[in-house]
Amino acid sequence: MSKTPQAIRGTQDIFGAEAEAFAFVVETFERVRKLYRFRRIEMPVFERTEVFARSIGETTDIVSKEMYSFLDRGDESLTLRPEFTAGIARAYITNGWQQHAPLKVATHGPLFRYERPQKGRYRQFHQLDAEILGAGEPQADVELLAMADQLLKELGIADGVTLNLNTLGDGDSREAWRAALVEHFRGVRGELSEDSQERLEKNPLRILDSKDPRDRAFVADAPKIDDFLSPQAQDFFGAVTAGLDAAGVAWERNPALVRGLDYYRHTAFEFVTDRLGAQGTVLGGGRYDGLMESLGGPATPAVGWAAGIERLAMLVGERAPQERFDVAIIPMDDAGLAQANSLARSLRAEWNNVEIYATGKLKKRMARANEAGALVAVLIGEDEIAAGEVTVRDLHDGEQARVAPADVSGIVAKAQNAQWLRQTEHSGIGLPDWIDPDA
RNA sequence: GCGAUCGUAGCUCAGUUGGUUAGAGCGCCGGUUUGUGGUACCGGAGGUCGGGGGUUCGAGACCCCUCGAUCGCCCCA
């Protein structure tokens, strides 16, 4: 006997309630995305390494340490996508999607990052993604955020999640602010945490969201982006916030919210919760007007966001609606299989959820049907076959009758109504008085 | 890359300062009920104690290594 290979570290086999929550997140996203008329796109899972390396910038250790890269048989360096945006930007340029600008697109699927797994963090994980390409006006930011906001509400997890909003200004504002920050922190360099001293060289903006208490005082009186914003950048941010207010999207200003990569401009945002430990960001994004150029394309303004499906699913928890289960067909032995298949076919054609239980003892079959939450069980035994009938049992009240197969769907419809009434009553919503619960 | 905690039945866990045949609950299978679920009672199967090495008369417990998991740091596109 050989040993069973283990799953790769940081990958997950999702089943049961978690899988239901996962599917609920994706289905809700698909529904909401259509409301806002974002078009569905499908993207390759891997690209030439340079697609990600050039867009992210060679400097960071993201490229060297955090990507799944490998050489293919032609000695070409390929990389499993660690994000959607770079690949979408590449597609926009190579396929001439400029002709569709402004283009609203959405997709979802697996991404890969070579990281240490922890809560809500995996090496293969899944994201929802939405982008508006070729749109430089603040209204694009507003619509993108309005969609994100509605998505979280539709998922039922908006409580306890807040939208943190900031602006990084245009290119000049951003550079001026950055220079001022470096000067400010250089002055107190020795008193910063070791990590932040290193950030000062590599990525000074990141000092602003340091978790180390030693950095906090210096972060508090650090130069603010607002003092460096050009009038145009100020207007842009003002238009975004005014638009959000008009659209009924609640937001909080967070001047410490930054993006490490240089191609980000203007709006940066994160929907944050305190319910997921160290991984509190549930959905994040921003405007990346500088990205297309770094990939060799024409200057193209764009905004987008991504959200981790696993994290959303964790917040959704048990809230995902249970799958309906209408009919369990139970032949008492193999002699009833033909009748079972035939009845299943006609019931499913009417969109009833049907499962046939054809293994184990009768008792076992009934128990499994009950456990699975079937509304009614249809029993097919020797007597039924001889009479050309079936036995229909309501698994909620135990009522049972012998009927012709053609009459089953009517009984199922009744059971569905009764179920609906029970749920309505349970949820505390009063019935309109023209409904007679006993009908 | 760094740190902490953990790894005993399918699942959740117990296992006293190392001491004979390793336990419970749930689940699973069977029976009380030869064609009927949800309750109850009775019985049964199931474990190389993550893996390797060491200390000891004796290791699930102690030591080392290794693999894995969880949480955090770094990073976060």
Side-chain angles (χ1 to χ4, degrees), chain A residues 1 3-12 15-16 51-57 59-67 79 81-89 111-122 125 127 129 193-196 198-199 202-203 205-206 209-212 257-264 268 270 276-281 284-286 288 291 294 304-306 308 311 328 330-333 335-336 357 360-385 391-400 402:
Chain A
M1 270 235 297
K3 282 179 204 147
T4 305
Q6 292 174 318
I8 304 299
R9 170 191 289 239
T11 63
Q12 13 169 22
F15 174 76
V51 169
F52 307 111
R54 283 171 60 183
S55 65
I56 288 166
T59 55
T60 55
D61 55 31
I62 291 175
V63 172
S64 52
K65 304 203 110 176
E66 315 253 354
M67 299 201 312
T79 295
R81 64 183 180 197
E83 59 158 336
F84 279 112
T85 310
I88 292 174
L111 303 173
F112 306 85
R113 295 181 187 178
Y114 199 88
E115 296 186 292
R116 191 80 169 229
Q118 52 183 280
K119 191 180 185 71
R121 249 190 153 177
Y122 305 93
F125 61 105
Q127 283 190 341
D129 185 272
S193 66
E194 297 76 16
D195 285 333
S196 285
E198 208 166 312
R199 290 185 184 112
K202 287 183 174 170
N203 203 347
L205 299 199
R206 280 290 170 197
D209 52 18
S210 167
K211 289 169 187 168
D212 197 303
L257 177 60
V258 295
R259 291 278 103 107
L261 305 182
D262 289 338
Y263 56 68
Y264 281 102
E270 286 180 3
L276 287 179
Q279 312 301 328
T281 299
Y288 50 93
L291 173 59
S294 69
W305 58 248
R311 291 188 196 174
I330 302 180
M332 293 186 188
D333 51 50
Y357 290 86
K361 303 193 163 196
L362 176 56
K363 242 174 116 158
K364 201 68 214 165
R365 300 181 190 195
M366 284 293 284
R368 281 206 291 264
N370 183 60
E371 171 70 25
L375 258 36
V376 307
V378 175
L379 298 161
I380 303 171
E382 232 179 304
D383 299 351
E384 283 85 352
I385 295 170
T391 295
V392 180
R393 184 179 178 86
D394 183 312
L395 289 178
H396 182 258
D397 59 24
E399 263 179 59
Q400 183 167 315
R402 284 274 289 268

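Source: prediction; values computed, not measured. Below, chain A is the first sequence line, B the second, and so on; all start at residue 1.
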Task: Value in whole Å for how far the C1' atom of B/G37 lies from CZ of A/R368 - done: 12 Å

Open item on the list: In whole Å, measure the gap between the P atoms of B/A69 and B/G31 for me.
Closed with: 42 Å

Open item on the list: Heavy atoms only, 4.0 Å cut-off, all strands: where does A/G398 land among base, sugar-phosphate and nothing?
Closed with: base

- [ ] Decide yes or no, distance alone: a donor-acceptor N/O pair under 3.5 angstrom between the base of B/C73 and the side-chain of A/R116.
- [x] no

Open item on the list: Which nucleotide wins on minimum distance to the side chain of A/R121, given the candidates B/C76, B/G37, B/G35?
Closed with: B/C76

TODO: Could you grab the distance from atom CZ of A/R259 to atom CD of A/E270, nearest 0.5 Å is fine?
DONE: 4.5 Å

- [ ] Using the side-chain hydrogen bond (donor to acceptor under 3.5 Å, both in side chains) rule, collect all pairs that involve residues 369-385 of chain A, keeping only residues at least two apart or in two chains.
- [x] A/E384-A/T391

- [ ] Can you tell me the distance, in whole Å, between the OH atom of A/Y122 and the C1' atom of B/C76?
- [x] 16 Å

TODO: Check the distance between B/A69's C1' and A/I8's CD1 and give it to me in whole angstrom.
DONE: 15 Å

TODO: Looking at every strand, decide which applies to A/E371 at a 4.0 Å heavy-atom threshold: base, sugar-phosphate, or nothing.
DONE: nothing

Task: Candidate list A/L261, A/L291, A/T85, test side-chain contact (heavy atoms from CB on, under 4.5 Å), partner A/S55, passing option - done: A/L291

Open item on the list: With a 3.5 Å limit on both atom pairs, tell me what B/G58 is paired to, counting Watson-Crick and G-U wobble, or say none.
Closed with: none

Open item on the list: Would you measure the distance from the P atom in B/G60 across to the matching atom in B/U16 and give it in whole Å?
Closed with: 12 Å

TODO: Confirm from the modelled atom types if A/R365 and B/G37 form a donor-acceptor pair under 3.5 Å, side chain to base only.
DONE: no

- [ ] Assign A/D333 to base, sugar-phosphate, or nothing according to its heavy-atom contacts below 4.0 angstrom with the strands shown.
- [x] nothing

Task: Pairing nucleotide - B/A9, Watson-Crick or G-U, each distance under 3.5 Å - done: none

TODO: Under 4.0 Å between any heavy atoms, over every strand shown, what does A/Y357 touch: base, sugar-phosphate, or nothing? Just pick one.
DONE: nothing

Task: B/A45 versus B/U39 - spacing of their C1' atoms, nearest Å - done: 24 Å

Open item on the list: Both A/K361 and A/R402 contact RNA chain B. Taking the nearest nucleotide for each, which residue is further toward the 5' end?
Closed with: A/K361

TODO: Nearest 0.5 Å please: distance from the CG atom of A/L375 over to the CG atom of A/L395.
DONE: 8.0 Å

- [ ] Look at atom CD of A/E399 and say whether more than 12 heavy atoms of other residues, nucleotides or ligands are closer to it than 6.0 Å.
- [x] no

- [ ] Would you indicate, yes or no, if B/G72 has its OP1 or OP2 atom less than 4.0 angstrom from a side-chain nitrogen or oxygen of A/Q118?
- [x] yes

Task: Pairing partner (Watson-Crick or G-U wobble, both distances under 3.5 angstrom) of B/C28 - done: B/G44

- [ ] Pick the P atom in B/G37 and in B/U32, then give their distance to the nearest Å.
- [x] 12 Å

Open item on the list: Suppose you measure atom C1' in B/G51 against the same atom in B/U12; what distance do you get, rounded to whole Å?
Closed with: 24 Å

TODO: Please determine if a side-chain N or O atom of A/K211 lies less than 4.0 Å away from the OP1 or OP2 oxygen of B/C74.
DONE: yes

Open item on the list: If I take atom CE in residue A/M332 and atom P in nucleotide B/G35, what distance separates them, rounded to the nearest angstrom?
Closed with: 9 Å

Open item on the list: Do A/D195 and A/D212 have side chains that approach each other closer than 4.5 Å (heavy atoms only, starting at C-beta)?
Closed with: no

TODO: Confirm from the modelled atom types if A/R9 and B/C67 form a donor-acceptor pair under 3.5 Å, side chain to base only.
DONE: no

- [ ] Rounded to the nearest angstrom, tell me the gap between atom CG in A/D195 and atom P in B/G3.
- [x] 15 Å

Task: Gap between atoms CD1 and C1', on A/I380 and B/U36 respectively (whole Å) - done: 14 Å

TODO: Could you give the distance separating B/C42 and B/G27 at their P atoms, to the nearest angstrom?
DONE: 15 Å

Task: Pairing partner (Watson-Crick or G-U wobble, both distances under 3.5 angstrom) of B/U36 - done: none

- [ ] Look at all strands and tell whether A/K119 reaches a base, only sugar-phosphate, or nothing, counting heavy atoms closer than 4.0 Å.
- [x] sugar-phosphate

Task: B/C29 phosphate, OP1 or OP2, under 4.0 Å from A/K364 side-chain N/O - done: yes

TODO: Provide the Watson-Crick or G-U wobble partner of B/G18, both distances under 3.5 Å; none if there is no partner.
DONE: none

- [ ] Using a heavy-atom cut-off of under 4.0 Å over every strand shown, decide if A/E115 touches base, sugar-phosphate, or nothing.
- [x] base

- [ ] Under 4.0 Å between any heavy atoms, over every strand shown, what does A/A367 touch: base, sugar-phosphate, or nothing? Just pick one.
- [x] sugar-phosphate

Task: Separation between the P atoms of B/G10 and B/C28, rounded to whole Å - done: 15 Å

Open item on the list: Just to be sure I understand the rule, does A/E384 reach a base, reach only the sugar-phosphate, or reach nothing, if contact means heavy atoms closer than 4.0 Å?
Closed with: base

Task: Member of A/Q12, A/E115, A/R113 meeting the side-chain contact (heavy atoms from CB on, under 4.5 Å) criterion with A/Y122 - done: A/Q12

Task: Strand partner of B/C75, provided both Watson-Crick or wobble distances fall under 3.5 Å - done: none

TODO: Looking at every strand, decide which applies to A/R199 at a 4.0 Å heavy-atom threshold: base, sugar-phosphate, or nothing.
DONE: sugar-phosphate

Task: Polar pair under 3.5 Å, donor/acceptor by atom type, side chain A/N370, base B/G37 - done: yes

Task: Pairwise P distance for B/G15 and B/G53, with rounding to whole Å - done: 28 Å

Open item on the list: In whole Å, I'd like the distance from the CG atom of A/L375 to the C1' atom of B/G37.
Closed with: 14 Å

Open item on the list: Measuring only between side-chain heavy atoms, which start at C-beta, is A/R311 closer than 4.5 Å to A/T281?
Closed with: yes

Task: Integer-rounded Å distance: B/U36 P and A/I330 CD1 - done: 12 Å

